[in-house]
Engineer: 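Before I ask anything, here is the structure I am working with.
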Amino acid sequence: QVQVMETGGGSVQAGGSLALSCEFSGYTYLAHTRGWFRQAPGKEREGVAIIDSSGNTMYAASAKGRFAIFSDHAKNAIYLQMHNLKPEDTGVYYCAVCTEADIATESLWAREDYYNGWGQGTQVTVSS
(Lines give C-alpha, C1' and ligand atoms only; values in the text may rest on other atoms or scores of the structure.)
Protein backbone atom coordinates (compact mmCIF):
# COMPACT_ATOMS: atom_id res chain seq x y z
CA GLN A 1 0.00 0.00 0.00
CA VAL A 2 1.41 3.35 -1.03
CA GLN A 3 1.92 5.76 1.84
CA VAL A 4 2.58 9.47 1.45
CA MET A 5 3.50 11.81 4.29
CA GLU A 6 3.94 15.57 3.92
CA THR A 7 5.69 17.90 6.32
CA GLY A 8 6.33 21.60 6.21
CA GLY A 9 4.05 24.42 5.25
CA GLY A 10 2.85 27.13 7.58
CA SER A 11 2.30 30.87 7.38
CA VAL A 12 4.50 33.49 5.80
CA GLN A 13 4.23 37.03 4.54
CA ALA A 14 4.23 37.79 0.84
CA GLY A 15 7.72 37.65 -0.58
CA GLY A 16 8.82 35.01 1.91
CA SER A 17 9.86 31.40 1.43
CA LEU A 18 8.65 28.03 2.63
CA ALA A 19 9.70 24.45 2.05
CA LEU A 20 7.61 21.30 1.86
CA SER A 21 8.83 17.74 2.23
CA CYS A 22 7.21 14.46 1.33
CA GLU A 23 8.26 10.90 2.06
CA PHE A 24 6.95 7.81 0.32
CA SER A 25 6.75 4.13 1.13
CA GLY A 26 4.97 1.01 0.01
CA TYR A 27 6.04 0.80 -3.63
CA THR A 28 8.99 -0.37 -5.66
CA TYR A 29 11.26 2.27 -7.04
CA LEU A 30 10.70 1.98 -10.79
CA ALA A 31 9.21 4.42 -13.27
CA HIS A 32 7.17 6.86 -11.25
CA THR A 33 6.18 10.47 -10.97
CA ARG A 34 5.91 12.42 -7.72
CA GLY A 35 4.83 15.94 -7.05
CA TRP A 36 2.67 18.58 -5.50
CA PHE A 37 -0.87 19.75 -6.08
CA ARG A 38 -2.68 22.50 -4.26
CA GLN A 39 -6.23 23.55 -3.59
CA ALA A 40 -6.94 27.20 -2.95
CA PRO A 41 -10.07 28.21 -1.05
CA GLY A 42 -13.09 27.89 -3.30
CA LYS A 43 -11.09 26.47 -6.20
CA GLU A 44 -10.36 23.09 -7.69
CA ARG A 45 -7.14 21.29 -6.95
CA GLU A 46 -4.39 22.00 -9.46
CA GLY A 47 -0.92 20.73 -10.26
CA VAL A 48 2.01 22.77 -8.95
CA ALA A 49 5.16 20.80 -9.78
CA ILE A 50 6.24 17.23 -10.42
CA ILE A 51 9.41 15.24 -10.94
CA ASP A 52 9.68 11.82 -12.51
CA SER A 53 12.14 8.99 -11.94
CA SER A 54 14.50 10.39 -14.57
CA GLY A 55 14.54 13.82 -12.95
CA ASN A 56 12.33 15.48 -15.53
CA THR A 57 10.24 18.25 -14.02
CA MET A 58 7.07 20.10 -14.89
CA TYR A 59 5.76 23.28 -13.28
CA ALA A 60 2.54 25.20 -13.36
CA ALA A 61 2.98 28.55 -15.08
CA SER A 62 2.37 30.31 -11.77
CA ALA A 63 5.19 28.36 -10.12
CA LYS A 64 7.90 28.72 -12.76
CA GLY A 65 10.83 30.77 -11.59
CA ARG A 66 9.68 30.78 -7.96
CA PHE A 67 9.32 27.11 -6.99
CA ALA A 68 11.81 24.28 -7.31
CA ILE A 69 11.17 20.57 -6.86
CA PHE A 70 13.90 18.12 -5.87
CA SER A 71 14.05 14.41 -5.19
CA ASP A 72 16.21 12.36 -2.87
CA HIS A 73 16.13 8.78 -4.06
CA ALA A 74 18.02 7.48 -1.03
CA LYS A 75 15.34 8.86 1.29
CA ASN A 76 12.52 8.16 -1.16
CA ALA A 77 11.45 11.75 -0.73
CA ILE A 78 10.76 14.93 -2.65
CA TYR A 79 10.99 18.55 -1.64
CA LEU A 80 9.38 21.76 -2.84
CA GLN A 81 11.22 24.98 -2.27
CA MET A 82 8.90 27.98 -2.63
CA HIS A 83 10.25 31.50 -2.91
CA ASN A 84 8.72 34.94 -3.45
CA LEU A 85 5.41 33.60 -2.21
CA LYS A 86 2.23 35.45 -3.09
CA PRO A 87 -1.19 35.50 -1.40
CA GLU A 88 -2.56 33.51 -4.35
CA ASP A 89 -0.22 30.66 -3.38
CA THR A 90 -2.35 30.11 -0.29
CA GLY A 91 -4.00 26.72 -0.10
CA VAL A 92 -3.70 23.13 0.98
CA TYR A 93 -0.73 21.47 -0.67
CA TYR A 94 -0.99 17.76 -1.41
CA CYS A 95 1.86 15.43 -2.20
CA ALA A 96 1.08 12.71 -4.71
CA VAL A 97 2.71 9.80 -6.50
CA CYS A 98 2.03 7.94 -9.69
CA THR A 99 3.77 4.61 -9.06
CA GLU A 100 3.40 3.21 -12.56
CA ALA A 101 4.88 5.64 -15.04
CA ASP A 102 6.94 8.69 -15.82
CA ILE A 103 4.37 11.27 -16.86
CA ALA A 104 6.37 14.47 -17.07
CA THR A 105 4.59 15.63 -20.21
CA GLU A 106 2.39 18.63 -20.82
CA SER A 107 -0.71 16.56 -21.40
CA LEU A 108 -0.39 14.16 -18.44
CA TRP A 109 1.54 15.62 -15.52
CA ALA A 110 -1.36 17.44 -13.85
CA ARG A 111 -4.01 14.76 -14.40
CA GLU A 112 -5.03 13.63 -10.94
CA ASP A 113 -6.41 10.33 -12.17
CA TYR A 114 -2.86 9.16 -12.91
CA TYR A 115 -1.81 9.52 -9.28
CA ASN A 116 -2.56 6.57 -7.01
CA GLY A 117 -1.09 7.78 -3.74
CA TRP A 118 -1.98 11.01 -1.94
CA GLY A 119 -0.97 12.67 1.27
CA GLN A 120 -3.35 14.30 3.72
CA GLY A 121 -2.34 17.81 2.72
CA THR A 122 -0.56 20.62 4.50
CA GLN A 123 -1.68 24.23 4.77
CA VAL A 124 0.30 27.09 3.25
CA THR A 125 -0.91 30.59 4.06
CA VAL A 126 0.62 33.68 2.51
CA SER A 127 -0.48 37.01 3.91
CA SER A 128 -0.19 40.32 2.11
Side-chain angles (χ1 to χ4, degrees):
Q1 181 178 357
V2 178
Q3 294 188 329
V4 182
M5 180 171 292
E6 306 116 335
T7 56
S11 298
V12 67
Q13 289 191 326
S17 300
L18 283 174
L20 305 179
S21 302
C22 184
E23 295 187 357
F24 304 86
S25 62
Y27 69 94
T28 303
Y29 178 77
L30 294 173
H32 63 263
T33 303
R34 303 180 291 187
W36 298 91
F37 290 71
R38 71 183 176 197
Q39 187 165 23
K43 295 187 177 181
E44 293 187 352
R45 191 159 56 185
E46 62 179 357
V48 176
I50 59 95
I51 184 167
D52 71 11
S53 63
S54 297
N56 299 306
T57 58
M58 300 293 290
Y59 292 91
S62 61
K64 286 181 181 177
R66 299 187 299 125
F67 294 6
I69 188 168
F70 303 94
S71 63
D72 184 333
H73 297 313
K75 295 183 178 180
N76 204 7
I78 61 170
Y79 309 92
L80 185 69
Q81 296 280 348
M82 303 183 290
H83 302 289
N84 190 22
L85 283 160
K86 303 176 181 180
E88 51 263 43
D89 295 316
T90 293
V92 178
Y93 282 68
Y94 297 90
C95 184
V97 58
C98 165
T99 60
E100 299 178 358
D102 292 323
I103 55 169
T105 66
E106 282 290 346
S107 61
L108 296 180
W109 77 272
R111 284 189 51 175
E112 293 188 28
D113 56 331
Y114 276 78
Y115 294 82
N116 55 322
W118 291 85
Q120 300 260 344
T122 185
Q123 178 70 42
V124 170
T125 302
V126 184
S127 58
S128 57

Engineer: Quick one: closest heavy-atom pair of A14 and S128, and the distance?
Structural biologist: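 Smallest interatomic distance, heavy atoms only, reads CB-CA, 4.3 Å.
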Engineer: What distance do I50 atom CD1 and L108 atom CG have between them, rounded to the nearest 0.5 Å?
Structural biologist: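 Reported value, rounded in 0.5 Å steps: 9.5 Å.
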Engineer: Within the distance-only criterion (no hydrogens, no angle test), does the side chain of R66 pair as donor or acceptor with the backbone N or O of S62 below 3.5 angstrom?
Structural biologist: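 Flag set: sc R66 to bb S62 pair under 3.5 Å.
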Engineer: Provide the closest heavy-atom pair for I69 versus G35 in the form atom of the first, atom of the second, distance.
Structural biologist: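 The pair with the smallest heavy-atom distance is CD1-CA, 4.0 Å.
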Engineer: Output the distance between atom SG (C22) and atom NZ (K75), rounded to the nearest 0.5 Å.
Structural biologist: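 So the gap between those two atoms works out to 14.0 Å.
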Engineer: Looking at L80 and A49, what are the two nearest heavy atoms and their distance?
Structural biologist: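 So the two residues come closest at CD1-CB, 4.1 Å.
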Engineer: State yes or no: do V92 and V124 share one hydrophobic cluster built from I, L, V, M, F, W and Y residues joined by side-chain heavy-atom distances below 4.5 Å, directly or via other members?
Structural biologist: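 The answer is no; the residues belong to distinct hydrophobic clusters.
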Engineer: Is V4 reachable from Y115 through a run of hydrophobic residues whose side-chain heavy atoms are each under 4.5 Å from the next?
Structural biologist: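 Each belongs to a different hydrophobic cluster.
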Engineer: Would you confirm whether Y79, through its side chain, and A68, through its main-chain N or O, come within 3.5 Å as a donor-acceptor pair?
Structural biologist: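 Side chain of Y79 to backbone of A68: no pair is present.
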Engineer: With a sphere of 6.0 Å drawn around CD of Q81, does it hold more than 12 non-hydrogen atoms of other residues, nucleotides or ligands?
Structural biologist: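 Counting other residues, nucleotides and ligands, CD of Q81 exceeds 12 neighbours.
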Engineer: If I take atom CD from residue E23 and atom CG from residue N76, how far apart are they, to the nearest 0.5 angstrom?
Structural biologist: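 Answer rounded to 0.5 Å: 8.5 Å.
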Engineer: Looking only at non-hydrogen atoms, find the nearest pair between D102 and S54 and report the distance.
Structural biologist: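 Closest approach of D102 to S54: OD2-OG, 4.0 Å.
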Engineer: Quick check: does any side chain N or O of N84 sit under 3.5 Å from a backbone N or O of G15, one acting as donor and the other as acceptor?
Structural biologist: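 Judged by distance alone, no pair lies under 3.5 Å.
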Engineer: Between T33 (side chain) and I103 (backbone), is there a donor-acceptor pair under 3.5 Å?
Structural biologist: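 At least one qualifying donor-acceptor pair exists.
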Engineer: Closest approach of F24 and A96, non-hydrogen atoms and distance?
Structural biologist: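 Closest approach of F24 to A96, heavy atoms only: CE2-O, 3.9 Å.
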Engineer: To the nearest 0.5 Å, what is the distance between OG on S53 and NE2 on H32?
Structural biologist: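 So the OG of S53 and the NE2 of H32 are separated by 5.5 Å.
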Engineer: Donor-acceptor check, side chain of Q123 to backbone of G9, threshold 3.5 angstrom: yes or no?
Structural biologist: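 Between the backbone of G9 and the side chain of Q123 there is no qualifying donor-acceptor contact (under 3.5 Å).
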Engineer: Are the side chains of W118 and R45 in contact, using a 4.5 Å heavy-atom criterion?
Structural biologist: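 Result yes, sub-4.5 Å side-chain heavy-atom pair found.
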Engineer: Same cluster or not: Y94 versus V97, using hydrophobic residues (I, L, V, M, F, W, Y) connected whenever any side-chain heavy atoms lie under 4.5 Å apart?
Structural biologist: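 Result: no, two separate clusters.
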Engineer: Rounded at 0.5 Å granularity, tell me how far CZ in F70 sits from OG1 in T57.
Structural biologist: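 The distance works out to 9.5 Å.
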Engineer: Test of understanding: clusters of I, L, V, M, F, W, Y form through side-chain heavy atoms closer than 4.5 Å, transitively. Do F37 and Y114 belong to the same one?
Structural biologist: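 Yes, F37 and Y114 fall within the same hydrophobic cluster.
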Engineer: So, the side chain of D72 versus the backbone of A77: is there a donor-acceptor pair under 3.5 Å, distance only?
Structural biologist: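 Looks like no, no N/O pair under 3.5 Å.
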Engineer: Are the side chain of S71 and the backbone N or O of I78 linked by a donor-acceptor pair below 3.5 Å?
Structural biologist: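 It does not hold such a pair.
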Engineer: Do side-chain atoms of E6 reach the backbone of C95 as a donor and acceptor pair under 3.5 angstrom?
Structural biologist: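 Yes; judged by distance alone, with no hydrogens or angles, the pair exists.
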Engineer: Below 4.5 Å, heavy atoms only, C-beta onward: do F67 and W36 meet side chain to side chain?
Structural biologist: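 No. Closest side-chain heavy atoms not under 4.5 Å.
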Engineer: Are V48 and M58 connected, step by step, through hydrophobic side chains (Ile, Leu, Val, Met, Phe, Trp, Tyr) whose heavy atoms are closer than 4.5 Å?
Structural biologist: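 Per the 4.5 Å side-chain linkage, V48 and M58 are not co-clustered.
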Engineer: On a heavy-atom basis, which atom in W109 and which in A60 lie closest, and how many Å separate them?
Structural biologist: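 Heavy atoms only, the tightest pair is CH2-N, 3.6 Å.
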Engineer: Given side chains that start at C-beta, do those of D89 and R38 come closer than 4.5 Å, heavy atoms only?
Structural biologist: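 Yes, close enough: below the 4.5 Å cut-off.
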